[in-house]
Structures are given as structure tokens and as C-alpha cells.
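Within every chain, numbering begins at 1; the chains are lettered A, B, ... in the order of the sequence lines, protein sequences first and strands thereafter. Given the structure is predicted, the values throughout are model-derived calculations rather than measurements.
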2 protein chains.
Amino acid sequence: MKKKEHKECLSALVPVRDTLDIIGGKWKILILISIWEGNKHFREIERSIPKLSTKVLSKELKEMEENKLIVRTIINGFPVRTEYTPTEYSKTLQKVIKELQGWGINHRKEIFGKG
Amino acid sequence: MKKKEHKECLSALVPVRDTLDIIGGKWKILILISIWEGNKHFREIERSIPKLSTKVLSKELKEMEENKLIVRTIINGFPVRTEYTPTEYSKTLQKVIKELQGWGINHRKEIFGKG
DNA sequence: TTTTTTGATTACCTAAAGGTAACTGATTAC
DNA sequence: GTAATCAGTTACCTTTAGGTAATCAAAAAA
């Protein structure tokens, strides 16, 4: 009898993991959407998302900048302000998020809708 | 000056959260793929995924059954065996996973490939 | 009768994610 | 001078996810 080989295909999952690391977590998509909607300043973004703390926002914004989803610009003015703007590249995530949303909407029907 | 309204659109994100809960985490996609590949029995699935513990596998399989991604069948035989088989419905996740993978592959290029 | 294999469950522990709150430094209004 | 707003940082605590290992019950093999 042929010994069963378990193909693992772990390497193909590395990019899946990468993506989940970037849009997973409790706040990441929320913050991204807030910025897409036009919120530009730290306090503005913070206030737009109930219960989000400055610490978490600070950490997430750094990661998002590293991932080229947003650009951070310091504006030297009377009160020094910081501006966060979404990159064109960040918009490539919209299709992914839509896909997650579509599946989730259908899943609710699958689980609760029909018996 | 018109007061800035921050549209929150939190409700639209509930299904996104749902989907991430189902395919997020360290093992869920790995287990799903193992079953898609034909691994049917508890030990078989366990052995196909290095470092996965029985405790976590047990928990994840329950959740996957609740989410109608797999079917659990007990086969009364000489050693009582349990069989896990993927549902047709589970295959609707393949498109989502492909999307996550595609974005992740491109993202590596974006971050490391070009300066 | 002891060991092995099957499919798990339980208790305990660690590591990571996230939450709370105080504090910095600069500037502007009172 | 005092308070408030801007953009954060830091230290500490809690919660959750995941890991380790022992155990259970049934049955077959030695």
C-alpha cells in the first residue's frame, strides 16, 4: 500500500499570513477606513473610533506606515500637526476587504438564515 | 464652518470580523487545507500539521463544524473512528483565501522588491 | 495482562494582544 | 500662571490565544 503523503503546502500560506497580519487584529481595518474617509490627524482618527486608545492607535499607525498603506507628514505650524494620508497602494486592500465582507454576509445567511 | 462628521460604518464591518474570526488565528486555514487535501481522521490531520496540538485541533474542529465548513461522522467499526469531511460550502472560502494570498504575494514585492 | 491506537478532555502555564492611565513638551487661550 | 489642545510615550495590568502534558475510555494486538 502506498504510504500516504501529506502535502503540507505551508509556503503557499506565508503570503496569506502576511495579509492577515496586516488587516487582522481588532483595529487595523477600522483605522484604515477612518483614514480613507478623510480623517487626517491623530486626535481626529482617535475620536472617530470609539474605545480606541492612543497607545494602540500610535502602534498601528507605525505598522501601517511601514506597510506603505499610509504616509505620515509633519506640518510645522503654530501647533505642530501630523497628517496621515492613505496611499494609492492602500486601495488595493479594498478588494480584499470587500471579499471578506461578501463572504461574511453570505455566511450569516448560511448559519442563521436557512436551517 | 461645517462640523466634521465622522461616518463610522461599523455595522458594515461586522461580516468582515466574522470572516476573520473563522479564517484568522494560527491554525484554522492550515486545518481546512489539510482536510481539503483528503486527510479525514483526527490523528491524520494532526500529523499532517507539524506542531499542532490535540487540544487546539479539537477546539478548531468544533468551531469549523459549527460554521458548516466540515462534517463530523462517527464510524462504528473495530476501532471507532471519526471522519471529518469538507462541505461543498467550505469551498466558497477558497476564493477568499486566494484573494488574501494574491494580495500577500504582491505585498512582498511592494515592500521588499522595489525600493 | 500490558501496550498501543483511536479520539478526545482537562488542568496548568506562557506569550501576545490589548486596555488604563499617567506623563512629556510645545503652543495657544484665558 | 492655569488650563486646554496637539501628538504621542511609558509603565503596568488584564484578557485571550495558544502550548504542554497528563488522563480517560474503548478495543485490538502482543
Side-chain angles (χ1 to χ4, degrees), chain A residues 1 3-4 6 10 13 16-32 34-35 39-67 70-85, chain B residues 1 3-4 6 10 13 16-32 34-35 39-67 70-85:
Chain A
M1 194 189 281
K3 186 147 138 239
K4 182 146 213 167
H6 3 257
L10 294 172
L13 287 179
V16 178
R17 215 42 6 265
D18 289 347
T19 307
L20 289 175
D21 286 344
I22 290 165
I23 61 174
K26 198 164 171 181
W27 303 108
K28 293 185 170 75
I29 295 182
L30 245 30
I31 294 168
L32 197 54
S34 175
I35 295 173
N39 294 310
K40 281 178 162 40
H41 305 292
F42 193 91
R43 295 292 175 202
E44 196 176 20
I45 297 163
E46 191 186 358
R47 279 192 302 259
S48 76
I49 303 171
K51 312 231 171 173
L52 172 61
S53 70
T54 71
K55 177 196 153 186
V56 171
L57 178 56
S58 175
K59 199 201 69 184
E60 303 289 45
L61 287 172
K62 267 179 203 156
E63 286 180 28
M64 288 166 70
E65 205 195 345
E66 282 168 13
N67 283 314
I70 56 171
V71 172
R72 183 175 179 270
T73 319
I74 295 167
I75 299 168
N76 289 319
F78 314 123
V80 177
R81 306 202 93 200
T82 311
E83 223 178 74
Y84 297 94
T85 47
Chain B
M1 193 189 282
K3 188 147 138 238
K4 183 148 212 168
H6 5 258
L10 294 171
L13 287 178
V16 178
R17 216 41 6 264
D18 288 347
T19 306
L20 288 175
D21 286 344
I22 290 165
I23 62 174
K26 199 164 170 182
W27 303 108
K28 293 187 170 72
I29 295 183
L30 245 30
I31 294 168
L32 198 53
S34 175
I35 294 173
N39 294 310
K40 281 178 163 40
H41 304 292
F42 194 91
R43 295 289 173 206
E44 198 176 19
I45 298 164
E46 190 186 359
R47 279 191 301 258
S48 75
I49 303 171
K51 311 232 172 172
L52 172 61
S53 70
T54 71
K55 177 195 152 185
V56 171
L57 178 55
S58 175
K59 199 200 69 184
E60 303 289 45
L61 287 172
K62 266 179 204 157
E63 285 179 28
M64 288 165 71
E65 205 196 346
E66 281 168 15
N67 283 314
I70 56 171
V71 171
R72 184 174 179 269
T73 319
I74 295 166
I75 298 169
N76 289 319
F78 317 123
V80 177
R81 306 201 92 199
T82 311
E83 222 178 74
Y84 297 93
T85 46

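Contact annotation: B:His41 does not reach the phosphate of C:dT6 (side-chain N/O to OP1 or OP2, under 4.0 Å). B:Arg72 has a side-chain polar atom (N or O) that falls below the 4.0 Å cut-off from OP1 or OP2 of C:dA8. Between A:Trp27 and C:dA17 there is no side-chain N or O to OP1 or OP2 distance below 4.0 Å. Applying the 4.0 Å criterion to OP1 and OP2 of D:dA21, one finds that B:Ser53 has every side-chain N and O outside that range.
Note that CG of A:Leu32 and CD1 of A:Ile22 are 10.5 Å apart. Values are rounded to the nearest 0.5 Å.
Along DNA chain C, the nucleotide closest to A:Gly25 and the one closest to B:Tyr84 are compared, and the more 5′ of them pairs with B:Tyr84.
For the helix from C:dT1-D:dA30 to C:dC30-D:dG1, the axis fitted to the five pairs at one end and the axis fitted to the five pairs at the other end meet at an angle of 30° (nearest 10 degrees).
Counting any heavy atom pair closer than 4.0 Å across all strands shown, A:Lys51 reaches no nucleic acid atom.
Each of B:Thr85, B:Leu30, B:Ile70 was compared with B:Ile35 under the side chain to side chain contact (heavy atoms under 4.5 Å, CB included) criterion, and only B:Ile70 meets it.
Checked against C:dA8, C:dT6, D:dG8, the side chain of B:Arg81 finds its nearest nucleotide in C:dT6.
Closest approach of B:Pro50 and B:Ser48 over heavy atoms only: CD-O, 3.6 Å.
Looking at residues 54-64 of chain B, you'll see B:Thr54, B:Lys55, B:Ser58, B:Lys62 sit with a heavy atom under 4.0 Å from some atom of DNA chain C.
Rounded to an integer number of Å, the gap from CG of B:Leu52 to C1' of D:dT20 is 13 Å. If you measure from atom CZ of A:Arg47 to atom P of D:dG8, you get 14 Å, rounded to the nearest angstrom.
With respect to the salt-bridge test (charged N to carboxylate O, under 4.0 angstrom), the residues B:Lys28 and B:Glu60 qualify. Ionic pairing of A:Arg43 and A:Glu46 is present here: one or more N-O contacts between side-chain nitrogen and carboxylate oxygen are shorter than 4.0 angstrom.
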Under 3.5 Å, which protein N or O atoms sit close to an N or O of nucleotides 24-26 of chain D? Give each pair with its distance.
none

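Using modelled atom types, one side-chain atom of A:His41 and one backbone atom of A:Thr82 make a donor-acceptor pair closer than 3.5 Å.
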